[in-house]
Amino acid sequence: MKAGSPFGSPWTRYTEEFSLISWVVLVACIVASILVLVFVMRSSPREAVVWGLGEASISLGGLFASQGCSQVPVNTSSRTLLLTFLMMSVLVQAHYSAFLYAKLSDLRFTIPFRTISDILDDGSYLFGVWANTATDDEMKTTKDPLLQRLYQEHTLPGGLFLDNDEALKRMEKEKFLAVVSEVSMIQLTMNKPCRFIKLPIRLFSFPNGFAVRKGSPLKKIFDNAILKTLNTGVLSNYRLRWKLRSASCNNVDRISINLEQTMSAFCVLVLGIVVAFIVLISECIKHHG
């Protein structure tokens, strides 16, 4: 499958530090703090500084961004609430920044699937098989319920391909896993060996052996030779010696953060400027009206 990017999507990088429920709780806490602060200020006796919803929202937003406010409440109740909100903001920023720094400094590729069950549980990937090949036939006739479900739900709906080039292109552009020969994979990805990763999943094993005539004296000779190579480690030694080796991806050069990764931050800035101009125009119209 295609190796994941260490930076992720430029639009989710600044939100995936917290889970969805964490973001919901955080927004709810901010809204609740604004409402409680306005209520406390208006209810507190002899409070010289009383904010409305707009002023309270801007002031607490500034505190959340580690900025101060020009007017400070007089009563202890309002100040206690502001100090509590500031402490919460510092803790949230510390957790967020720590996770963001750790993620940007760790560029290792992670393997998302280690078993067939992981692929089935995720449910978003197609499982590619070369059509009308031995692998395709084996998937069709397998007795394994997991492989049967994998073939029916993730291969037949659009996972069959006709050649290795098609499989590589689909892995590049889609959520696509493919069963490709290791030899073919090394040859096809010679120029970019670390663009794809090999999943540690074993689908099925095929029986191997030598066919001889029934009652042939060669059977005993072959049995003894095979047992000897297995027991003495000769077969394992030859397998290691002749194993195809691809380029190591453990020491990939560090990737600098480019404009594509930071574009979302600049887009937010542009959006804020546009909103500010729209508000300015509406204020001018209201003033002259």
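Computed from a predicted structure; not experimentally measured.
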Taking every non-hydrogen atom, the tightest pair across C29 and M88: CB-SD, 4.3 Å
N224 atom CG: more than 12 heavy-atom contacts under 6.0 Å: yes
Partners passing side-chain contact (heavy atoms from CB on, under 4.5 Å) against L156 (at least two apart in sequence or in another chain): Y151, Q152
S117 to L146 - nearest heavy-atom pair and separation: OG-CD1, 3.8 Å
Close side-chain approach of L168 and M171, heavy atoms under 4.5 Å: yes
Pair D136-T133, side-chain donor/acceptor within less than 3.5 Å: no
Exercise: identify the closest heavy-atom pair between S78 and L37: O-CD1, 4.3 Å
Rounded distance (nearest 0.5 Å) linking atom NE2 of H95 with atom CG of L91: 6.5 Å
Non-hydrogen side-chain atoms of L60 and L63 separated by less than 4.5 Å: yes
Contacts of type side-chain hydrogen bond (donor to acceptor under 3.5 Å, both in side chains), residue D163, not counting sequence neighbours: none
ILVMFWY network linking V27 to I30, side-chain heavy atoms under 4.5 angstrom: yes
Flag side-chain contact, heavy atom, 4.5 Å: L81 against M41: no
Mutual orientation of the aromatic rings belonging to F176 and F161 [parallel < 30°, tilted 30-60°, perpendicular > 60°]: perpendicular
Closest non-hydrogen atom pair between L160 and R170, with its separation: O-NH1, 3.7 Å
I116 versus L147, closest heavy-atom pair with distance: CD1-CD2, 3.4 Å
Residue pairs involving residues 221-233 (criterion salt bridge (charged side-chain N to carboxylate O under 4.0 Å, His left out); sequence neighbours excluded): K219-D223
For F39, ring pair (Phe, Tyr, Trp, His ring centres under 6.0 Å) partners two or more places apart: none
Side-chain heavy-atom pair W130, T135 within 4.5 angstrom cut-off: no
Residues that, via side-chain heavy atoms closer than 4.5 angstrom, fall in one hydrophobic cluster with V25: I21
Contact check, side chains of D118 and I201, non-hydrogen atoms, under 4.5 Å: no
Close side-chain approach of H154 and L177, heavy atoms under 4.5 Å: no
Contact check, side chains of L162 and N132, non-hydrogen atoms, under 4.5 Å: no
Inter- and intrachain pairs under salt bridge (charged side-chain N to carboxylate O under 4.0 Å, His left out), touching residues 141-151, at least two apart: R149-E153
Derivation of the side chain to side chain contact (heavy atoms under 4.5 Å, CB included) call for T142 and Q148: CA-CA 7 Å; T142 181; Q148 289 178 353; 3.9 Å; yes
Connected via hydrophobic side-chain network under 4.5 Å: I58 and L35: no
CG-OH distance between L150 and Y125, expressed to the nearest 0.5 angstrom: 14.0 Å
Atom pair OG/CG of S77 and L82 - distance to nearest 0.5 Å: 9.5 Å
From R79 atom CZ to L83 atom CG, the distance as rounded to the nearest 0.5 Å: 10.5 Å
Mutual orientation of the aromatic rings belonging to F64 and F85 [parallel < 30°, tilted 30-60°, perpendicular > 60°]: tilted
Pairing of D165 and K169 as salt bridge, 4.0 angstrom limit: no
Gap separating the CD1 atom of I119 from the CG atom of D122, nearest 0.5 angstrom: 9.0 Å
